[in-house]
Amino acid sequence: MKNNLFLDAAFSKQTERPPVWMMRQAGRFMPQYWEIKNKYSFLEMCKTPEIAADVTMLPVDLLDIDAAILFCDILVTGEAMGGDLSFTQGVGPKFANPVRTAQDIENLNVDCLDELQYVADAIKVIQQRLDNKIPLIGFAGAPFTVMSYLIEGGSSKDFKLTKLFIHNQPELAHKLLAKIAKVTADYLNLQIAAGVNAVQIFDSWALALSWNDYQEFSHRYIQEIIANLNRNDIPVISFCKGSSVFAPIMAEAKPDVISVDWNADLLNIKNALPAGIAVQGNLDPHILYADKAVIKAQIHKLFERMRGTEGFIFNLGHGIMPDIPFDNVKYAIDVVKEFRY
């Protein structure tokens with residue numbers, strides 16, 4: 001690998017500067033993304049390896065980041081299991097056949113890797129284009145987050161149906177989560193076999209859960225997934241909205257990296273974790289709306305706080321918002337790349 005910064009930091013080695021990539025770095029804030037998106041549906045983009053590779057490479061070519069992340073979506077596992085998935089502009093993802101009963105869960109298929117072969121095909125195309133320049137990160141949605149979309153039938157502000165389901169029908173919830181966890185582990189191993197250099201598990205809606213419910217309905221399944229990964233020399237990153245709260249539990253699953261939201265002091269989180277677990281984060285993405293002097297000052301403030309810390313990957317506390325100016329994102333990455341400890 002020509003640029004090993006990301007992998008070194010993920011394995012808690014000292015680096016000359018923090019490596020940088022950003023969640024949703026190939027996305028709607030880029031005019032070049034819209035040039036592609038206006039020609040194809042979102043799922044067409046995900047399922048056509050050459051197009052997925054084109055989008056994956058946008059931040060590599062335009063932003064010069066230290067790691068690429070596969071262009072896909074966390075809900076493709078739910079679709080492969082039998083969910084009728086669609087994406088509508090301005091609405092987001094929808095499952096036309098929500099999972100709400102024992103029979104619905106029974107109908108979900110766990111032997112569905114063939115349905116996800118397009119992801120492996122995309123990884124191979126992307127790695128040819130990357131040509132060992134930087135690492136490629138694969139990813140999957142965590143079981144609780146995928147379950148919430150399956151039950152709600154789409155996005156939700158309060159996760160009322162999901163929380164009623166786990167509280168009123170916990171046995172069914174565990175049956176559903178176990179199925180999703182099996183598919184997720186198989187799917188991540190498919191990505192590893194196809195050639196990704198790291199994987200990240202996204203639990204985007206974990207913050208909806210209480211401490212006890214997170215342990216029971218999220219953590220135990222992430223722990224199971226990580227234990228079943230073929231992770232030789234493949235760092236595993238665990239992310240959730242709520243990681244500033246749940247990091248002590250997340251560490252029990254033994255990821256290599258915990259990606260932290262912007263609600264906590266990153267050094268405090270790092271110092272509270274077991275030795276050998278790196279941290280990723282945790283700039284508030286809203287700062288990228290600000291003046292460039294503010295962006296630089298906030299990044300340097302974080303870096304000074306983390307000075308001397310092994311195992312630190314710079315990222316945002318969540319994904320880039322679609323209306324953040326591209327120039328501000330590029331500037332932030334340039335600020336990171338110019339920094340030296």
Trainee: Using side-chain contact (heavy atoms from CB on, under 4.5 Å), reason through W21 and N315 one step at a time and then give a plain yes or no.
Mentor: CA-CA 6 Å; W21 72 279; N315 208 308; 3.1 Å; yes
Trainee: Nearest 0.5 angstrom please: L108 CG to N97 CG, how far?
Mentor: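 It comes to 8.5 Å.
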Trainee: Does the salt bridge (Lys or Arg N to Asp or Glu O under 4.0 Å) test come out yes or no for E304 and R307, once each step is laid out?
Mentor: CA-CA 5 Å; E304 289 303 329; R307 183 179 285 278; 2.8 Å; yes
Trainee: When clusters are formed by joining ILVMFWY residues with side-chain heavy atoms under 4.5 Å apart, either directly or through shared neighbours, do W211 and I258 land in the same one?
Mentor: yes
Trainee: So which of F159, F217, F239, Y214 actually passes ring pair (Phe, Tyr, Trp, His ring centres under 6.0 Å) with W205?
Mentor: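 Testing W205 for a ring pair (Phe, Tyr, Trp, His ring centres under 6.0 Å) against F159, F217, F239, Y214 leaves exactly one candidate, F159.
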Trainee: Taking all non-hydrogen atoms of both residues into account, name the closest pair between N328 and L288 and its distance.
Mentor: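 That would be ND2-O, 2.8 Å.
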Trainee: Decide, yes or no, whether a salt bridge links E338 with R17 under the criterion of side-chain N to carboxylate O below 4.0 Å.
Mentor: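 So E338 does not pair with R17 through a salt bridge.
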Trainee: Using 0.5 Å steps for rounding, measure from the CG atom of D54 to the CD1 atom of I126.
Mentor: 9.5 Å
Trainee: Measure up the F303 and Y341 rings against each other and bin them: parallel (under 30°), tilted (30 to 60°), perpendicular (over 60°).
Mentor: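 It falls in the tilted class, 30° to 60°.
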Trainee: Nearest heavy-atom pair of V199 and V196: which atoms, and what distance?
Mentor: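 Taking every non-hydrogen atom into account, CG1-CG2, 3.9 Å.
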Trainee: Answer yes or no: are there more than 12 heavy-atom neighbours, outside K37 itself, under 6.0 Å from its atom NZ?
Mentor: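 Enclosed: over 12 neighbouring heavy atoms sit under 6.0 Å from NZ of K37.
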Trainee: Does a sphere of radius 6.0 Å around NZ in K330 hold more than 12 heavy atoms from other residues, nucleotides or ligands, not counting ones at 6.0 Å or beyond?
Mentor: yes
Trainee: Could you pull out the closest heavy-atom pair between L63 and M30, with the gap in Å?
Mentor: CD1-CE, 3.8 Å
Trainee: M23 vs I69, test: side-chain contact (heavy atoms from CB on, under 4.5 Å). Steps then yes/no.
Mentor: CA-CA 8 Å; M23 289 182 274; I69 184 165; over 6 Å; no
Trainee: Could you check whether atom OH of Y289 has more than 12 heavy atoms from other residues, nucleotides or ligands sitting under 6.0 Å from it?
Mentor: yes
Trainee: Give the intermediate values and the outcome of salt bridge (Lys or Arg N to Asp or Glu O under 4.0 Å) for residues K182 and E224.
Mentor: CA-CA 9 Å; K182 161 100 172 48; E224 178 186 315; over 6 Å; no
Trainee: Using 0.5 Å steps for rounding, measure from the CG atom of D73 to the CG atom of L43.
Mentor: 7.5 Å
Trainee: According to a hydrophobic-cluster definition based on side-chain heavy atoms being under 4.5 Å apart (Ile, Leu, Val, Met, Phe, Trp, Tyr only), do F11 and F312 belong together?
Mentor: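 No; tracing contacts between hydrophobic side chains, which count when under 4.5 Å, never links both residues.
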Trainee: Strictly distance-based, threshold 3.5 Å: is any side-chain N or O of S12 a donor or acceptor partner for the main-chain N or O of G311?
Mentor: no
Trainee: So if you build clusters from Ile, Leu, Val, Met, Phe, Trp, Tyr with side-chain heavy-atom gaps below 4.5 Å, do L302 and W262 land together?
Mentor: no
Trainee: If only atom types and distance count, is the side chain of D261 paired as donor or acceptor with the main-chain N or O of G317 below 3.5 Å?
Mentor: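 Side chain of D261 to backbone of G317: no pair is present.
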Trainee: Which heavy atom in N228 sits nearest to a heavy atom in N189, and how many Å separate them?
Mentor: O-ND2, 3.0 Å
Trainee: Could you go step by step and tell me if F144 and L209 meet the side-chain contact (heavy atoms from CB on, under 4.5 Å) rule?
Mentor: CA-CA 10 Å; F144 173 75; L209 293 169; 3.7 Å; yes
Trainee: Do any N or O atoms from the side chain of E44 and from the backbone of I51 form a donor-acceptor pair under 3.5 angstrom?
Mentor: no
Trainee: Okay, side chain of Q200, backbone of I137: is any donor-acceptor separation there less than 3.5 Å?
Mentor: no
Trainee: Quick one: pull up CG in L176 and CZ in R100 and give me the separation to the nearest 0.5 Å.
Mentor: 12.0 Å
Trainee: Show the nearest heavy-atom pair for residues A68 and T56, with the distance to one decimal.
Mentor: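 The pair with the smallest heavy-atom distance is CB-CG2, 4.2 Å.
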Trainee: Has K296 got a side-chain atom pairing as donor or acceptor with D291's backbone, closer than 3.5 angstrom?
Mentor: no
Trainee: Between N197 (side chain only) and L136 (backbone N and O only), is there a donor and an acceptor less than 3.5 Å apart?
Mentor: yes
Trainee: Would you say the side chains of E216 and N212 form a donor-acceptor pair under 3.5 Å?
Mentor: no
Trainee: Between V294 and V335, is there a shared hydrophobic cluster once you connect ILVMFWY residues whose side-chain heavy atoms come closer than 4.5 Å?
Mentor: no
Trainee: When you look at CZ of R129, are more than 12 heavy atoms from neighbouring residues, nucleotides or ligands closer to it than 6.0 Å?
Mentor: yes
Trainee: Does Q103 reach the side chain of E106, with side-chain heavy atoms less than 4.5 Å apart?
Mentor: yes
Trainee: Between F139 and F202, does the ring pair (Phe, Tyr, Trp, His ring centres under 6.0 Å) criterion hold? Intermediate values first, please.
Mentor: CA-CA 7 Å; F139 71 92; F202 284 87; 5.5 Å; yes
Trainee: Do other residues, nucleotides or ligands put more than 12 heavy atoms under 6.0 Å from K337 NZ?
Mentor: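 Yes, the 6.0 Å shell around NZ holds more than 12 heavy atoms from other groups.
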Trainee: Within the distance-only criterion (no hydrogens, no angle test), does the side chain of K47 pair as donor or acceptor with the backbone N or O of Y118 below 3.5 angstrom?
Mentor: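 Pair absent, no side-chain N/O of K47 close to backbone of Y118.
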Trainee: Is the closest side-chain heavy-atom distance between N3 and P19 below 4.5 Å?
Mentor: no
Trainee: Got more than 12 heavy atoms from elsewhere within 6.0 Å of NZ, K2?
Mentor: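 Yes - once you tally the heavy atoms of other residues, nucleotides and ligands closer than 6.0 Å, there are more than 12.
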Trainee: When you measure from the side chain of E115 to the backbone N and O of M81, does any donor-acceptor pair fall under 3.5 Å?
Mentor: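 Checked: no pair found.
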Trainee: Taking N230 for the side chain and A193 for the main chain, is one N or O donor matched with an acceptor at less than 3.5 Å?
Mentor: no
Trainee: With distance as the sole test, does D265 use its side chain to make a donor-acceptor pair with the main-chain N or O of L267 at under 3.5 Å?
Mentor: yes
Trainee: Flag the pair P325 / F29 as yes when at least one side-chain heavy-atom distance between them is below 4.5 Å, and no otherwise.
Mentor: no
Trainee: Counting only heavy atoms not in D114, do more than 12 sit closer than 6.0 Å to its CG atom?
Mentor: no
Trainee: So do V329 and Q25 actually touch side chain to side chain, heavy atoms under 4.5 Å?
Mentor: no
Trainee: Look up atom OG1 in T145 and atom CG in D203, then write down how far apart they are to the nearest 0.5 Å.
Mentor: 3.5 Å
Trainee: Please report the C-alpha distance between I166 and M147 in whole Å, then the side-chain angles of each, then the deciding distance to 0.1 Å, and finally whether the side-chain contact (heavy atoms from CB on, under 4.5 Å) criterion is met.
Mentor: CA-CA 10 Å; I166 65 173; M147 178 179 80; 3.6 Å; yes
Trainee: Is any side-chain heavy atom of L62 closer than 4.5 Å to one of F326?
Mentor: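 Yes, their side chains come closer than 4.5 Å.
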Trainee: Can you give me the closest heavy-atom contact between I65 and P59, atom names plus distance?
Mentor: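 Shortest heavy-atom separation between I65 and P59 comes out as CG1-O, 3.5 Å.
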Trainee: Evaluate the side-chain proximity of I201 to L188: yes if any heavy-atom separation is below 4.5 Å, no if none is.
Mentor: yes
Trainee: First locate atom CG of D104, then atom CD1 of I151, and finally report the distance between them rounded to the nearest 0.5 Å.
Mentor: 10.0 Å
Trainee: Establish whether I134 and L5 are linked, either directly or via other cluster members, by ILVMFWY side-chain heavy-atom contacts under 4.5 Å.
Mentor: no
Trainee: I want to check something: taking the side chain as every heavy atom from C-beta on, are M22 and F314 in contact at a cut-off of under 4.5 Å?
Mentor: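 Counting from C-beta outward, M22 and F314 do come under 4.5 Å.
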Trainee: Could you tell me whether K163 and D158 have a side-chain N and a carboxylate O separated by less than 4.0 Å?
Mentor: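 Here K163 does not pair with D158 in a salt bridge, since their nearest N and O are not under 4.0 Å apart.
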Trainee: Is a donor from one side chain sitting under 3.5 angstrom from an acceptor on the other, for D284 and Q298?
Mentor: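 Looking only at side-chain atoms, Q298 and D284 do not form any donor-acceptor pair under 3.5 Å.
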Trainee: Measuring only between side-chain heavy atoms, which start at C-beta, is I74 closer than 4.5 Å to S204?
Mentor: yes
